[in-house]
Every structure is written in structure tokens, then in C-alpha cells.
**Student:** 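Quick one: the structure is below, questions incoming.
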Amino acid sequence: MAEISHFEYGWITPVLSYALSVLGSALGLICASRIRTAGSAGQRAWWGTLAAWAIGGTAIWTMHFMAMLGFAVEGTRIRYDVPITVVSAVIAVIAVGIGLAIVGTGRFSAVRLLAGGLFTGAGVAAMHYTGMAAMRLNGRIDYDTTRVVLSVVIAVVAATVALWLAMTVRRGLAIVGSALVMGVAVNGMHFTGMSAMSVHPHSRQVEVSGAGVSTLLVPIILAVVFGVVGLVYALLAAPTAEDRAAAAYFDTLRGPEPAEASPAPDPVGLRARSTLGRPGTPFPSRRDNPPR
């Protein structure tokens, strides 16, 4: 069995992965709080999509890939199948989006929370092991069943807690604390699943196909940067509940708009002769219009 290292570059990769999971969780919780105050179904769908991208894409999937930068197996290179890697990201976003839809539509209840947490947790676990299936190396990968089951349980519990926080947390300090807790849960699930893996090298070394980490790193970093900037811009541009309440308050202070003054009566029709009121206009006479 080959020796496996999860911290090839020291503590920088786990620290960065935790920071990404906290950042994505915080942005996702803020977006989820807008779902409850949205005034239409279209607005709820918009904020739900942004929350799913923040939590599923940044807090979970990007954290997973950042942690994988520090993963190394002795005696073999590691490459990644790009289509399967993309599929794993899509699974994470869709799973979180459906979970938010389950708990965010209708009346919030324990049954909805458990159903959403179970579905989202299973989706997060599927994302993790799909991402692992995208790895290409000179060896056979095996998993310890007990630890795999434990990682799935952690994913379900973490997803349930995340959805509960998304539906209940509203204030800034509480959002920060909740994001820190979610970061611990997401990283705990990842490294528990990674500890279940073992690699048995092939007797004959062959060329490993696929994209290297350096090839995937630049587009993923760009996607994270543009995604975070877009989320922050959407949050800053959209009016909050306090903004709408303040606007309504100032509208009441202004009072009703004054009605337009009605024109004075014109019994002899002088207003129709607009040329009479213009300076320098000669007064009409009978010579201009001789009788017939």
C-alpha cells in the first residue's frame, strides 16, 4: 500500500480550504436570508440560486479542490478527468439548491428540514466521491466502508445544520459564527472521507492521462474570484428590508402628490386664439378677412 500525504505543502492548503468554506458559507447565509424577505417567486429563485452557488460552489466544492492540492501519493503522479471534475461541482450546487428549495418553500418545519438535510448531505457526499473518482494515478483506490459511512453521516448532519442556519440566522455576528461552524463541518467531512482511502500501486507504471493540478488551478481561481465579486455586488446592489422600510417611511412623510390646478374657465374662447397673447402680433381686423 502506497504512502499517502494529505498535507504535502504543510498547513497552507487546509488553512486556505477552511477560509474558502467560511467565505462561501457567509455569503450563502446572507443570500439565504434574502429568500425570506423576497417579495416574489422570481426574487426567491434568484437569491436561492446565489445561495446555492455560494455554499455548494465555493464553501463545499472549491474547498474540496483546494484541500486536494495538498494530497499526494508516493510513487505516482495525480491527474484529474476534467468532465468528471466539472460534474462534481454541478452536483454540489444542485444539491444545495434543491435543499434550499425544500426548506425555503412553504412553512418551515422539522420535516422539511430533515428532508432537505438528507438530500443535500447525500448530494455533498456524492460530490466528494465523484471528485475522487476523477483522480487518475498509477494505483488502485480502495475505501474503508466504516469511514465512508461516517463521512456520509457527517455530510448529512452538516447539511441539516447549514439549512437550519440558512433559515434562521439573520444578524451579522450570528452569520459570522455560523459560517465558522459550517467551515469546520465541511472540512471535517472532507478529511474523514479522505482518511477512508487507500492506494495500492500497480506493478507496472504507465503514463497517467488527465489534467494536472496546475492546469485546473487558474480557471478555478478565476471562477472563485468572479463568483465572489458577483455575489458581493448582487448583495450590495439589492435593497435590504431596512432600505425598503426607510423608503416607505419617507414616502409617508412627503404626503400625497398635489393635484394639478384646473384651467380657468374661458367662456368667450379667447384661449383658442393663441396668437393674441404673443408680443408683436397684430390685432386681427376685417380687412384681413373681408366679408363674403
Side-chain angles (χ1 to χ4, degrees), residues 1-25 56-89 91-92 124-148 150-152 154-155 158 179-180 182-225 227-228:
M1 188 169 61
E3 183 178 351
I4 295 176
S5 174
H6 297 285
F7 310 103
E8 181 71 10
Y9 302 104
W11 287 96
I12 185 170
T13 50
V15 168
L16 288 176
S17 65
Y18 179 73
L20 283 172
S21 62
V22 172
L23 175 63
S25 298
T58 303
I60 296 176
W61 185 82
T62 308
M63 169 269 145
H64 165 85
F65 189 85
M66 182 58 64
M68 291 302 297
L69 292 179
F71 178 76
V73 179
E74 184 183 15
T76 179
R77 292 181 177 181
I78 298 176
R79 296 290 185 266
Y80 292 90
D81 185 290
V82 175
I84 298 179
T85 302
V86 173
V87 168
S88 67
I91 290 174
V124 171
M127 177 281 304
H128 174 82
Y129 291 105
T130 301
M132 299 304 297
M135 285 197 312
R136 300 290 180 263
L137 47 80
N138 273 311
R140 187 186 77 253
I141 299 176
D142 293 330
Y143 291 95
D144 179 74
T145 304
T146 303
R147 294 189 183 186
V148 169
L150 179 60
S151 69
V152 174
I154 294 175
L180 294 173
M182 289 173 62
V184 172
V186 171
N187 281 265
M189 180 270 160
H190 172 82
F191 287 105
T192 300
M194 294 299 295
S195 68
M197 187 181 68
S198 60
V199 178
H200 302 271
H202 293 149
S203 57
R204 185 170 61 91
Q205 296 293 316
V206 297
E207 184 65 24
V208 180
S209 62
V213 172
S214 58
T215 304
L216 296 174
L217 188 59
V218 173
I220 289 176
I221 290 178
L222 291 176
V224 170
V225 170
V228 170

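Sequence positions, counted from 1, serve as the residue numbers for this chain.
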**Student:** Decide yes or no on side-chain contact (heavy atoms from CB on, under 4.5 Å) for Met189 and His64, but give the supporting numbers first.
**Tutor:** CA-CA 10 Å; Met189 180 270 160; His64 165 85; over 6 Å; no
**Student:** Give me the atom names and distance for the closest heavy-atom approach of Ala211 to Val82.
**Tutor:**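 The answer is CB-CG2, 3.7 Å.
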**Student:** Go through the steps to decide whether Met132 and Ile141 satisfy the test side-chain contact (heavy atoms from CB on, under 4.5 Å), and finish with yes or no.
**Tutor:** CA-CA 9 Å; Met132 299 304 297; Ile141 299 176; 5.8 Å; no
**Student:** Could you measure the distance from the OH atom of Tyr80 to the OG1 atom of Thr215? Nearest 0.5 Å is fine.
**Tutor:**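 If we round to the nearest 0.5 Å, Tyr80:OH and Thr215:OG1 are 12.0 Å apart.
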**Student:** Taking all non-hydrogen atoms of both residues, which atom of Ser17 and which atom of Ala67 are closest, and how far apart?
**Tutor:**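 Where Ser17 meets Ala67 most closely, the heavy atoms are CB-N, 4.0 Å.
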**Student:** Considering all heavy atoms of both residues, which atom of Tyr9 and which atom of Leu69 are nearest to each other, and what is their separation?
**Tutor:**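 That would be CE1-O, 3.1 Å.
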**Student:** Test side-chain contact (heavy atoms from CB on, under 4.5 Å) on Ile220 and Trp61 and set out the steps.
**Tutor:** CA-CA 10 Å; Ile220 289 176; Trp61 185 82; 3.5 Å; yes
**Student:** Roughly how far, to the nearest 0.5 Å, is the NE2 atom of His6 from the CD atom of Glu8?
**Tutor:**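 These two atoms lie 11.5 Å from each other.
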**Student:** Could you state the interatomic distance from CE (Met63) to OG (Ser21), rounded to the nearest 0.5 Å?
**Tutor:** 6.5 Å
**Student:** First locate atom CD1 of Ile4, then atom CE of Met194, and finally report the distance between them rounded to the nearest 0.5 Å.
**Tutor:** 7.5 Å
**Student:** Assess the residue pair Arg136 and Ile84 against the criterion (side-chain contact (heavy atoms from CB on, under 4.5 Å)); give the C-alpha distance rounded to whole Å, side-chain angles, the decisive distance to 0.1 Å, and a yes or no.
**Tutor:** CA-CA 11 Å; Arg136 300 290 180 263; Ile84 298 179; 3.7 Å; yes
**Student:** Which heavy atom of Arg79 sits nearest a heavy atom of Ser209, and at what distance?
**Tutor:**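 Minimum heavy-atom separation between Arg79 and Ser209: CB-O, 3.3 Å.
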**Student:** Could you give the distance from CG (Asn187) to CD1 (Ile154), rounded to the nearest 0.5 Å?
**Tutor:** 11.5 Å
**Student:** Are any side-chain N or O atoms of Tyr18 and backbone N or O atoms of Leu180, one a donor and one an acceptor, separated by less than 3.5 Å?
**Tutor:**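 Side chain of Tyr18 to backbone of Leu180, a donor-acceptor pair under 3.5 Å: yes, one is there.
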**Student:** Taking all heavy atoms of Ile78 and all of Met135, pick out the closest pair and write down the distance.
**Tutor:**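 Closest pair (atom of Ile78, atom of Met135, distance): CG2-SD, 4.1 Å.
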**Student:** Taking the side chain as C-beta and beyond, is there a heavy-atom pair between Met68 and His190 under 4.5 Å?
**Tutor:** yes
**Student:** Between Val208 and Leu137, what is the shortest heavy-atom contact and its length?
**Tutor:** CG1-N, 3.9 Å
**Student:** What distance separates Thr85 OG1 from Leu216 CG, expressed to the nearest 0.5 Å?
**Tutor:**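 Thr85 atom OG1 to Leu216 atom CG measures 6.0 Å (nearest 0.5 Å).
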